[in-house]
Amino acid sequence: MFINNKSLSRFVILSIALQFGLISCNFTPNIQLSNTVAVLRDSSSSSEFIYNETHKKWERNAIKNHKLDSLVKQIEDLNNKGSEYRDNARFKDALIVHFNALQLAEEINDTVSIIRVLNSIGTDLRRTSSNIEASEYHYRAFELASYSNKNLKSKAIAMNGLGNIFLELQKPNEAAKYFEKSLAIEIELNSKLGQAINYANFGEVMRMKGDLNSALDFYQKSLEENKSIGSNIGIAICKNAIGSIYLAQQKTTESLKLIREAVSILENSKDAFHKLEMQVSLCKSLISLNQLKESKLLMQQIFETSKSINSYSSQQTAYELQTLLSKKQQEYKTALAAKELAIAYRDSTLTLNNEVKILEIENRYKNKEAVQQIKFLIKEKALIEKTNTNQRRIFILFSLLMSLIVVFTYFMYRSRKRVNLELKKVNQMKSRFFGNVSHEFRTPLTLIKGPLEKLLASKLTKNQKEDAKMMYRNTERLLYLVNQILNLSKIDTGKFKIKAQEANLANELKGISESFEYIAHTKKIAYTVDILNSDNVWYDIEIVEMLLTNMLSNAFKFTPENGQITINGVKEAGNYKLNISNTVDEGVSKNINQFFDRFYTSGSSFQVGTGIGLSLVKELCSMYRAKVSVAQKDKNTIEFQLILPILKEHFNSSEISNEPVFLKKETAILKINSTDETSVDKNSKDEIMLIVEDNEDMRSYIASIFSDSYQIIEAKDGKEGVTLAQNYIPDIIVSDVMMPKVNGIELCNSLKTNSTTNHIPIILLTAASEEEMMLKGLNEMADDYITKPFAIKILKAKIQNLSKVRKTLAAKYREEIVLKPMNQLLKWGNNSFSETLKRVLENEITNPKFGIEEFCTIASMSRTQLHRKLKATTGMSATEFIRVHRVKNASELLKNKDVVISEVCFASGFESTSYFSKQFKIVFGCSPSEYQKKIQNS
């Protein structure tokens, strides 16, 4: 069939008309077509008419489409603006803007925009805990999105919102169902952000279920997706969540690292809501770990962030956190104030949430039912205000109760503090007990060691000599252990004093190390010492000797035969570093961390252990501010490292000693150790002789005569002699007269006019025999005079006589304590030491807190000086002097028949009735009650 041009043009016009909807398509196609053909036939101008109408319709549609695009853009802008308000916690403003967007979307019937805005409104309501209302909007969005595959993204968002609502309702199983469907859609759409969000949601579901490992896996997946798209907020949220899980798993270091990173990522972010969330999480973690100083600094940032958000909920969060921190810091007033503000902001938040609900109802329902519900909410608001008033009243009562609790807690704290002080006293008594017991051990050990030395010097059979040597070695070992216990006791009670002196440390270390060569040879141990020069540095000779001796003793104890011990020493950066390595059995190194425990025993042997040697090393290093450590070099080798400070600046002024350094000689001249109360060194002899002589040969000769009976201190002139006498309080002084700097007469005058040294017997030696010289010396209160050359027997006899006189006076004093009344006993003289003792007996003896340290302060003497002064003049140590005079004072009080013995005990300065009874019986030979009966009967 052929169609002419006119028919073709009509057909084209008809097609255009149909396409642009000029002709209605509401009827059956056949009827529509026939009517159209009729129109075209009936009018000759129909083609022109249809063209004109079609063109006008096209213009109207173009304008309409442009307006639609503009409205869609406006809806999108409103939706974004509402979301921005929500992120800054302006929920009411967010809801108003989103409802305006919803109204526009419904007016133009744009389904995509409607779904998007419904999800936004649901999220707004969810943020204000209006979960039921929020679920209605998410379900509406889900229903609309389900009709078309074009709205899959909105459907996924709706499912995610519903899942989050179930999470807030603590229903993880129901939440997981929605998240699973949402994740499936996001994977289908290949949306990295959507997948990241849902993986994080699954992580929260697993954490709520208590499956922390699965939660970590999901958060790690979310973190990877967020990193791939560069989402800082997502990265921060994931790191914070992982850190919180680590904290629950006690992985403190990793936890804080991740949460700090989360805070750092959002430090400059405009999203104040999530920024505050990260800061709050970090602060809670720090508070739970008692890192309160950093928490306090972080609280300032939290308040700044919450103020920038300018919402009640953020301010409530900040003040609740401040309450928690202040409670931890025991700042109860600050906590109370913060709690009040938190409650106020909570009430404001609840009010705002109710206003949001009212606003939602007003927009959702425009009928009477909505009005009724609004009235109900208004009444509810009034009820809340009334409740708030009641709560404030309750809060006032609570504040009063808290005040009472605080007062009660304070008194409990005071009581606990008193108990702690008592426990401290008990510990001090224990330390004194061990110290006293150790002192008591030294006497029988000395009595064993002395005869053994004589026995070894005599002619013995081979077997006898071997037995004697074994006994002597074990005596030395036991004495060494007793000294260690004494040192530990001194450290525990704080009586061990540092005395740093300037000397060559390397030479000292070499000397100590060389003393172990014989043991190394006996045990066939390869012993290597490589100690580099140190020059003169500052260190405590006694402490260094104890440290190295104990560490080397331990090394030789654990090193098997044919083993190896190496010592390396080097000076570096204000310290001297010693490395001591030794081979050990395989089982020893398994418990390397227990080496510094007292009486540690090796796992491989119950006979070999570190005892208290390494424990003493650890305690000494802590006191000396040195560093000691142990590490395993390889399978059969361990290495100790000791770092000693060697600069003068390291020590306090009270720790610097200007005393001369005494070295051990091959003769009987001994090293002085002023830290021990009852002896000046480790030798068994108690009495000290000071020889002041400028002639070295004469000095050595006199020393050799008396080395068996006395510990010898030598001074090369009178000035040095005065200093040594004042420092060490010798039992007798033998001095030449003619000497440089200070002569013997001046020395005698200086010492006899000093209350600390005036009791010391002084024998002057001189080559001059003139009576005038002798008289001058005697006038300066010298006790005796002998001319050179002298007979040894005469010198010995003079010294023995002076010693006997001094001991007789001391014994007489001890007897008079018991026999004479206190008022006669105090009449000793006018010298300053007598006055000191008198002041002590009159004012301090009944004070239970009065001890050796206080005695030393009153007498202006060191412990050693006071001890030796009292021993020489009264035959008592400082401790015994205090104890015996307290007993004497108690005997005076017991003469009153009405007093109770326990009252006498405490009034005399004793703190224990059993100890008082024991000491009383030692002095008077009977118990306090027996003594009181005797006095009453007589």
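Since the structure is predicted, the reported quantities are computational estimates derived from the model, not experimental observations.
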### Task
Walk me through it: do Ile646 and Trp538 pass the test side-chain contact (heavy atoms from CB on, under 4.5 Å)?
CA-CA 5 Å; Ile646 56 175; Trp538 287 86; 5.9 Å; no
Can a donor-acceptor pair be found between the side chains of [X] and [Y] at a distance below 3.5 Å?
X	Y	result
Lys510	Asn504	no
Thr864	Ser862	no
Thr583	Asn636	no
Gln464	Thr461	yes
Asn579	Gln641	yes

Shortest non-hydrogen separation from [X] to [Y] and the atoms involved:
X	Y	answer
Tyr576	Ala506	OH-CB, 4.4 Å
Leu724	Ala715	CD1-CB, 3.9 Å
Thr757	Ala725	CG2-O, 3.8 Å
Ile712	Ala703	CG2-CB, 3.8 Å
Val692	Gly721	CG2-CA, 4.0 Å
Leu642	Met551	CD2-SD, 3.9 Å

Using 0.5 Å steps for rounding, measure from the [atom1] atom of [X] to the [atom2] atom of [Y].
X	Y	atom1	atom2	result
Ile763	Leu795	CD1	CG	6.0 Å
Gln726	Leu751	CD	CG	6.5 Å
Ile733	Leu802	CD1	CG	11.5 Å
Tyr915	Arg883	OH	CZ	4.5 Å
Met738	Leu765	CE	CG	13.5 Å
Leu578	Leu547	CG	CG	9.5 Å

Do [X] and [Y] come close enough that some side-chain heavy atom pair is under 4.5 Å?
X	Y	value
Tyr710	Ile688	no
Val884	Met876	yes
Asn582	Gln564	no
Asn562	Ile525	no
Tyr539	Ile498	no
Val734	Leu690	no
Ile729	His759	yes
Ser513	Ile531	yes

### Task
Go through Thr637 and Val584 one step at a time and tell me if the side-chain contact (heavy atoms from CB on, under 4.5 Å) criterion holds.
CA-CA 6 Å; Thr637 305; Val584 292; over 6 Å; no
#### Entry: Near-ring test Phe516/Tyr527, centroid separation under 6.0 angstrom
no
#### Entry: side-chain contact (heavy atoms from CB on, under 4.5 Å) between Asp694 and Asp717, intermediate numbers included
CA-CA 5 Å; Asp694 59 331; Asp717 57 55; 5.7 Å; no
### Message
Set out, in order, the CA-CA distance, both residues' side-chain angles and the distance that settles side-chain contact (heavy atoms from CB on, under 4.5 Å) for Glu514 and Val529, then state yes or no.
### Response
CA-CA 8 Å; Glu514 288 170 0; Val529 178; over 6 Å; no
Whether the side chain of [X] engages the backbone of [Y] through a donor-acceptor N/O pair (distance < 3.5 Å, no angle test) should be reported.
X	Y	value
Ser803	Ile799	no
Asn801	Ala797	yes
Ser750	Leu747	no
His521	Glu517	no
Thr559	Ala555	yes
Lys752	Ala782	no

### Query
Pick from Arg863, Met861, Lys869: which one makes a side chain to side chain contact (heavy atoms under 4.5 Å, CB included) with Gln865?
Met861
Any carboxylate oxygen within less than 4.0 angstrom of a Lys/Arg side-chain nitrogen, looking at [X] and [Y]?
X	Y	value
Glu693	Lys716	no
Asp540	Lys499	no
Glu561	Lys524	no

### Query
Taking only residues at least two apart or on different chains, which pairs with a member in residues 722-732 satisfy salt bridge (charged side-chain N to carboxylate O under 4.0 Å, His left out)?
Asp731-Arg806, Asp731-Arg868
### Task
Would you please name every residue forming a side-chain hydrogen bond (donor to acceptor under 3.5 Å, both in side chains) with Glu639, sequence neighbours left out?
none
